[in-house]
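Reading through the structure tokens given below for one structure.
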Amino acid sequence: MVSGIRPRFRLRDKLLLAVTLLVVVLTVAILLILNARLQSESSNALNTDLDRTFSIFSSFADQETANLRDKAVLMAGLPRLTAALDVRKPKFSAMADTVSELCLDLSSSVKAPPLFIVTDKKGQILFDSHHPPEEIVALRAGREPDPSKTRSGEPIQADSWPNVHMALGGQPSQGGFLYRDAHGEKVQVTAYQTVTYPILSRGDILGVIMLGVAMDKNLAEYVKKLTDSEIAFLIGRDVMASTWPEEKYPFLAQNLAPLIPSAEMWKDKTTSPSSPVQLNGENYLVRFAPFMDTQGHLLGNYAILRSVDKALALKNNLQQTIVIIGVWGIAFAVAMAFFIARRITNPLNSLLQGVQEIGKGNLNTRVPLETHDELGALAQSFNEMIQGLKEKERVTHILGKYISPEVAKKVLSSGEGLALKGERRECVVMFTDIRGFTAFSENMAPEKIVADLNEYFTLMVDVVLQYEGTLDKFIGDAIMAVWGAPVPFEDKELRGVQAALDMQKALGQYNKARIDKNQTPLTMGIGLNSGVVVSGNLGSDKRTDYTVIGEEVNLASRLCSKAAPGQVLVSEAMYRKLKGLVEVRMLDPVALKGFSDPVKVYEVTGLTQA
């Protein structure tokens with residue numbers, strides 16, 4: 001502290017003011033951001049829910065259509081049905097009774113859908129699941145026929161129905177269908193998703209079978225259960241079925257009808273844009289989709305609605321909660337700041353504590369830097385000193401994992417530091433690999449495999465570091481090591497060979513201990529090569545590894561793959577630099593992947609006796 005200079009504001013006052021302003025600003029900013037984000041998320045969530053509902057509804061409709069198609073194909077091919085229809089001079093009433101008996105049997109045996117209609121080849125309806133023959137139904141039930149349900153008169157013609165007309169022409173169809181059922185003066189209309197198939201025998205069309213599932217209240221309730229969306233089926237401007245109670249249908253139709261898109265929209269779209277609508281004081285988003293017949297003509301629409309108020313209720317509750325938390329947070333922060341500031345009678349205590357932590361070896365300590373006065377400047381200088389010590393320790397620790405402590409000291413003491421940029425260097429590259437490791441490990445527990453590999457790697461890496469090599473990487477059960485990068489050596493070839501021989505020796509001693517424990521011994525092949533490689537940091541901006549690459553690296557890897565258990569193989573280029581220093585046995589040239597000509601290979605059997 002400069003003598004005679006007194007801070008303009010007390011440290012306690014500045015800390016209290018700074019913390020209070022910071023908390024207030026952050027709280028207000030968070031509230032504004034959350035409000036905008038929640039508003040956007042609510043809108044997106046509503047549209048996503050609508051999309052999901054349409055997707056579920058479409059998938060359900062497709063699945064039901066596929067089921068109908070399978071049943072129609074099965075029923076149309078039943079011999080009993082084709083036999084009943086394949087009559088030379090059929091009498092309609094007799095054929096209708098026979099087909100009705102069969103269809104009633106099928107309704108119970110194969111669970112026929114709600115709409116089940118069979119016609120003859122003229123398109124006359126022989127059986128209609130809505131109006132089965134009362135005489136046959138009563139006889140099966142053991143009761144007298146109900147005269148009010150008995151139908152008389154001419155057969156009903158269905159050949160004008162588009163789907164039946166197509167099937168009589170030999171073309172199956174699927175799509176929407178409006179079934180109109182007259183009860184006195186009132187006509188009840190039910191929408192169905194149908195499939196219609198011709199009934200064939202020896203290539204002749206004998207009639208038509210039509211199956212359908214109702215687009216009714218049960219379906220709407222089922223989709224709502226899956227999606228929590230309201231559903232309404234509209235034919236024209238009338239609601240035919242919905243998740244709302246039936247007494248609400250006129251009110252629902254009155255509000256939805258003005259929003260129904262024109263038929264032109266469905267030429268190039270499958271759903272309409274979302275539109276707002278208010279029902280019983282509750283706000284909704286609604287979308288429409290078309291209900292088409294087999295010819296692609298519009299029969300009606302179905303509407304899917306999501307409650308906006310329900311979606312926003314969670315947002316509003318969350319906003320209120322955040323405001324309450326923010327107010328309490330500000331009050332708590334101000335109280336804590338005042339309490340802490342009042343308790344700080346000697347700011348140098350924090351600096352003293354930092355000095356003590358450094359003395360204990362804790363380089364993660366930090367002195368708070370919250371002011372711009374003389375204590376802040378002192379704290380900043382102290383933190384910079386800690387960072388420098390920590391960086392040096394980190395570099396030493398990292399280097400110690402890859403190179404020997406002696407080499408690490410040389411790198412750190414070098415005036416230029418560690419050169420990790422891309423450059424060409426003459427290096428010795430070693431690859432080692434455990435032979436038969438797959439067979440060795442296939443019946444072992446994963447924990448045992450890892451433990452054995454760690455013991456093996458520890459022994460091998462110790463030897464590499466003993467000869468001041470750089471551990472490049474582990475590749476499964478293989479090791480890659482380098483001499484000559486990042487620190488050059490004049491005798492790198494000899495160091496690499498000595499390390500390889502000592503590694504085989506160390507493995508032999510390790511195997512003795514394994515055999516004593518009734519464990520399978522390990523065997524290893526080693527390949528070495530010497531030449532010019534490219535060294536440097538390789539990787540992305542988020543992670544890099546110091547390594548070497550090039551053709552000479554590939555050759556060392558290929559030699560390793562050819563080395564038998566216990567062998568140390570070197571290339572011709574490396575042998576030339578070791579001539580007179582090692583004992584070798586020349587092997588036959590071998591063909592290696594990636595090399596056009598056979599490569600001369602030497603097996604190192606030991607060092608030349610001095």
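Everything numeric here is computed off the predicted structure, so don't read it as measured data.
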Determine whether more than 12 heavy atoms belonging to other residues, nucleotides or ligands lie under 6.0 Å from atom [atom1] of [X].
X    : atom1 : value
K269 : NZ    : no
K562 : NZ    : no
E490 : CD    : no
E551 : CD    : no
N454 : CG    : yes

Whether [X] side chain and [Y] backbone form a donor-acceptor pair below 3.5 Å:
X    : Y    : result
W483 : Y467 : yes
R424 : V532 : no
N511 : L522 : yes
R514 : Q519 : no
S571 : N529 : no
D472 : V482 : no
S55  : D51  : no

If we only count heavy atoms from C-beta on, is the [X] to [Y] side-chain gap below 4.5 Å?
X    : Y    : answer
L587 : L569 : yes
V497 : V568 : no
Y602 : R585 : no
M430 : T432 : yes
Q498 : L607 : yes
L578 : V584 : no
D452 : M444 : yes
L528 : L559 : no

Nearest heavy-atom neighbours spanning [X] and [Y]:
X    : Y    : answer
P565 : R435 : CG-CG, 3.8 Å
V464 : A481 : CG1-CB, 3.9 Å
M586 : K600 : CE-CD, 4.4 Å
V553 : F431 : O-CE1, 3.5 Å
V548 : A485 : CG1-CB, 4.4 Å

Once you round to the nearest 0.5 Å, how far does [atom1] of [X] lie from [atom2] of [Y]?
X    : Y    : atom1 : atom2 : result
C427 : E552 : SG    : CD    : 10.5 Å
D433 : I479 : CG    : CD1   : 9.5 Å
M460 : I434 : CE    : CD1   : 8.5 Å
D62  : R69  : CG    : CZ    : 9.0 Å
I304 : K224 : CD1   : NZ    : 13.0 Å

L465 vs V461, test: side chain to side chain contact (heavy atoms under 4.5 Å, CB included). Steps then yes/no. CA-CA 6 Å; L465 298 183; V461 171; 4.0 Å; yes
Could you tell me if [Y] and [X] have a donor-acceptor pair between their side chains, going purely by distance under 3.5 Å?
X    : Y    : result
T227 : D49  : no
N67  : Q63  : yes
D477 : Y456 : no
R287 : S274 : yes
E583 : T608 : no
T547 : K473 : yes
R306 : S229 : yes

Pair T65, Q174 - check side-chain hydrogen bond (donor to acceptor under 3.5 Å, both in side chains), show working. CA-CA 8 Å; T65 301; Q174 64 183 49; 5.2 Å; no
Is the charged tip of R558 near the ring of F595: under 6.0 Å from the six-membered ring centre and within 45° of its axis? no
I would like to know whether L507 and L459 meet side chain to side chain contact (heavy atoms under 4.5 Å, CB included); could you show each step before the answer? CA-CA 8 Å; L507 183 60; L459 289 172; over 6 Å; no
Aromatic ring centroids of F474 and F457 under 6.0 Å? yes
If you measure from the Lys or Arg side-chain nitrogens to the Asp or Glu carboxylate oxygens, is any gap between [X] and [Y] under 4.0 Å?
X    : Y    : answer
K512 : D516 : no
D228 : K310 : no
E423 : R425 : yes

Among L471, T470, V429, whose side-chain contact (heavy atoms from CB on, under 4.5 Å) with M480 holds?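 Checked L471, T470, V429 against M480; only one passes side-chain contact (heavy atoms from CB on, under 4.5 Å): V429.
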Where does the angle between the aromatic ring planes of Y222 and F60 fall among parallel (under 30°), tilted (30 to 60°) and perpendicular (over 60°)? tilted
